[in-house]
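See below for the structure under consideration.
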Amino acid sequence: MSLRQQPVVSIVSIIGTALAIFLIMLVVMIDQVKYEPFAPESNRDRWLVQRGGSIGNKDWGDGNSNGPLGFNTIKQTLYRMETPEAVTAFVISTETATVSVANQAATAAQLLQTDDGFWRVFDFTVLSGKPYTKEDFDSGLPKAVITKSTARKLFGTTDAVGRDFSINYTPYTVSAVVEDVSNLVSYCYADIWVPFTSTGKDKFRWCGYMGNLSMIMLAKDKSDFPKIREEYNRLFDELDKEAAIDGWYFIKRDRPYTQFVQAFTPYVNLEPDMDAVYREKFIIFLILLIVPAVNLSSMTHSRLARRREEIGVRRAFGAKRSEIIGNLFIESLVITLIAGVIGLAMSLVSGVLFDELIFRPQNFCDVYKVTSTSVWQLFHWSTFGLAMLFCFILNLLSATVPTISASRINIVNALTGKG
């Protein structure tokens, strides 16, 4: 069967398949940007994350308090861990800071306060200099890592290592310049990063053990997750015994979480309900698949109903059913390939041009505009391959079933359009 014999129907079939692939890719990209690895969060698949913690007191009854962890808790648990490849603690959200250099007007920038392990867990592209070290962090030195764009804004050049500027009217020195970071990442987005020991954030605490810090453990391999959790539980059990002296106790809520689980657990006071997440995903994708399936099946049935006479002629001249179905296989493959390229292009172009409408920044900051979006941050070959495979099977099935039926019709009836 030739696509050129019924160009309008063929074009509609291609458009229908392309739209199916476009919708599937777009929905998956919106979903995967929360948990799939991309720089500088390229190791998301090896993370165990604790965004915050929960604590109770014997005098509160069933009540408990939830929020970020204190630095004293981090030191007694996270920093004592030996199983992970690296660990980091950082202030739970960015803040808008006033930055300036001498003899210039001040400007606003997004500031994130971290420890030195931050630069081992996240894979930033360092353009010049070196991020602050453990010694810098322990000493609370006023050193800062800034993005390329921030360096140009402040100094008019990216050659900014060693230069001085002010953050909230406190002097800092640039220790490194890094590539700009998209705010589609979950935790590390900022314009400027500084040690939280340089601002006094390490001294802030409430309920004895809570504060303003989140933490991430980077496993050497995903197979180490059980060992990391075992060490994590042991260290928190030790801290729990100490806290119990004053009536405090920790509520673990199955922490720490993988990045996938954390992405769907937005509230610290709730345990993840992944069954509900999977049900929701199943329903969404089922709808995305059923709608194009019905449309493609209807179009294919309509096309083949008009071509029964052609099938009859081919049968009359000795064409075998297997040959007719083989031609149909090739036709379905061509439709899927053409539509796949169109659907992929539509999804990637939409993701870049309409990123502010489609995506939402993943971090807690006052920047609502998506920054530094790259198509390669959004695209995954596995997702595209599965979408293509489904649409090919869908095209093939929706065409094969009526074709087999048509090829079994009496040749005379097929030639006269009957049956």
Side-chain angles (χ1 to χ4, degrees), residues 43-44 46-58 60 64-93 112-122 132-135 137-138 140 186-188 195-197 199-259 261-262 265 267-272:
N43 298 315
R44 283 176 168 181
R46 292 193 287 134
W47 283 0
L48 286 176
V49 181
Q50 182 157 348
R51 197 68 170 145
S54 305
I55 197 169
N57 192 283
K58 63 181 182 181
W60 293 356
N64 58 79
S65 189
N66 306 272
L69 300 171
F71 188 47
N72 57 328
T73 302
I74 295 293
K75 288 190 293 184
Q76 294 183 70
T77 54
L78 182 72
Y79 287 172
R80 292 174 58 196
M81 297 189 76
E82 299 177 353
T83 308
E85 178 181 316
V87 298
T88 182
F90 49 93
V91 173
I92 190 170
S93 64
L112 183 61
Q113 303 179 43
T114 79
D115 62 6
D116 57 287
F118 187 83
W119 307 105
R120 294 188 293 277
V121 171
F122 298 94
Y132 39 86
T133 64
K134 185 178 187 305
E135 291 73 21
F137 173 77
D138 291 340
S186 302
Y187 308 104
C188 66
F196 58 74
T197 50
T199 66
K201 290 285 189 181
D202 55 316
K203 298 178 176 60
F204 174 74
R205 69 172 67 179
W206 49 280
C207 288
Y209 296 89
M210 310 300 281
N212 48 30
L213 300 175
S214 296
M215 63 185 191
I216 294 177
M217 292 146 270
L218 174 64
K220 298 171 186 174
D221 188 85
K222 287 186 287 187
S223 61
D224 289 337
F225 283 174
K227 293 181 181 178
I228 293 176
R229 287 193 169 97
E230 181 180 348
E231 185 177 22
Y232 169 95
N233 288 328
R234 177 177 59 79
L235 292 170
F236 261 92
D237 287 344
E238 291 178 8
L239 183 60
D240 216 24
K241 292 178 181 178
E242 175 193 303
I245 298 173
D246 296 319
W248 300 107
Y249 59 90
F250 288 93
I251 305 168
K252 293 179 183 175
R253 303 194 195 281
D254 293 325
R255 300 184 184 98
Y257 305 139
T258 63
Q259 175 59 17
V261 174
Q262 179 61 52
T265 311
Y267 304 110
V268 181
N269 61 324
L270 297 177
E271 294 185 18

With sequence neighbours excluded, tell me which residues meet side chain to side chain contact (heavy atoms under 4.5 Å, CB included) with Leu270.
-> Tyr267
Output all residues satisfying side chain to side chain contact (heavy atoms under 4.5 Å, CB included) with Asn233, sequence neighbours left out; order by chain, then residue number.
-> Lys252
Identify, with sequence neighbours excluded, every residue that meets side chain to side chain contact (heavy atoms under 4.5 Å, CB included) alongside Glu231.
-> Met81, Glu82, Thr83, Pro84, Arg234, Leu235
Results of side chain to side chain contact (heavy atoms under 4.5 Å, CB included) for Thr265 - residues two or more places apart only = Tyr257, Val261, Pro272
Hey, are the side chains of Phe90 and Ile216 touching, using non-hydrogen atoms and a 4.5 Å cut-off?
-> yes
Can you check whether Met210 reaches Leu69 side chain to side chain, under 4.5 Å on heavy atoms?
-> yes
Here the pair of heavy atoms bringing Asp254 nearest to Glu271 is OD2-OE1, 3.7 Å
Atom CZ in Phe250, atom CG in Asp240: separation rounded to 0.5 Å?
-> 6.5 Å
Do you know which two heavy atoms are closest between Ile251 and Arg255, and how far apart they sit?
-> O-NH1, 3.2 Å
Enter the distance from Trp60:CH2 to Ile55:CD1 here, rounded to the nearest 0.5 Å.
-> 7.0 Å
Are any of the side-chain heavy atoms of Gln262 and Ser186 separated by less than 4.5 Å?
-> no
Rounding to 0.5 Å, atoms CG (Leu239) and NZ (Lys241) come to a distance of 11.5 Å
Could you tell me which residues satisfy ring-ring contact (aromatic ring centres under 6.0 Å, His included) with Phe196, sequence neighbours excluded, listed by chain and number?
-> Phe71, Phe137
Main-chain N/O of Asn57 paired to Trp248 side chain as donor or acceptor, under 3.5 Å = no
Could you give the side-chain donor-acceptor pairs of residues 220-230 under 3.5 Å, partners two or more places apart or in another chain?
from   : atom 1 : to     : atom 2 : distance (Å)
Asp221 : OD2    : Ser223 : N      : 2.9
Asp221 : OD2    : Ser223 : OG     : 2.8
Arg229 : NE     : Pro256 : O      : 3.4
Arg229 : NH2    : Pro256 : O      : 3.3

Counting only N and O atoms by type, is there a donor-acceptor contact under 3.5 Å from the side chain of Arg205 to the main-chain atoms of Gly211?
-> no
Measure from the side-chain N and O atoms of Asn212 to the backbone N and O of Val91, and report whether any donor-acceptor pair falls under 3.5 Å.
-> no
Decide yes or no on side chain to side chain contact (heavy atoms under 4.5 Å, CB included) for Gln259 and Tyr187, but give the supporting numbers first.
-> CA-CA 11 Å; Gln259 175 59 17; Tyr187 308 104; 2.9 Å; yes
Close side-chain approach of Thr88 to Trp119, heavy-atom, < 4.5 Å = no
Any side-chain heavy-atom pair of Leu218 and Trp47 under 4.5 Å = yes
What heavy-atom pair brings Cys188 and Phe118 nearest, and what distance separates the two atoms?
-> CB-CZ, 3.4 Å
Ile92 and Arg51, any side-chain heavy atoms less than 4.5 Å apart | yes
Stepwise, does the side chain to side chain contact (heavy atoms under 4.5 Å, CB included) test hold for Gln50 with Leu78?
-> CA-CA 10 Å; Gln50 182 157 348; Leu78 182 72; over 6 Å; no
Mark yes or no for whether Asn72, through its side chain, and Lys75, through its backbone, hold a donor-acceptor pair below 3.5 Å.
-> no
Might you work through the side chain to side chain contact (heavy atoms under 4.5 Å, CB included) test for Tyr249 and Asn64, ending with a clear yes or no?
-> CA-CA 9 Å; Tyr249 59 90; Asn64 58 79; 5.5 Å; no
Start with the C-alpha distance between Leu48 and Tyr232, add both sets of side-chain angles, then the distance that settles side chain to side chain contact (heavy atoms under 4.5 Å, CB included), and finish with yes or no.
-> CA-CA 10 Å; Leu48 286 176; Tyr232 169 95; over 6 Å; no
With a 4.5 Å heavy-atom cut-off, do Asp116 and Thr133 have their side chains touching?
-> no
Which heavy atom in Asp115 sits nearest to a heavy atom in Ala89, and how many Å separate them?
-> OD2-N, 2.8 Å
Kindly indicate whether the side chain of Ser54, heavy atoms from C-beta on, has any atom under 4.5 Å from the side chain of Asn269.
-> no
May I have the step-by-step check of side-chain hydrogen bond (donor to acceptor under 3.5 Å, both in side chains) for Gln76 and Tyr209, ending in yes or no?
-> CA-CA 10 Å; Gln76 294 183 70; Tyr209 296 89; 6.0 Å; no
Leu213 versus Gly70, closest heavy-atom pair with distance | CD1-C, 4.3 Å
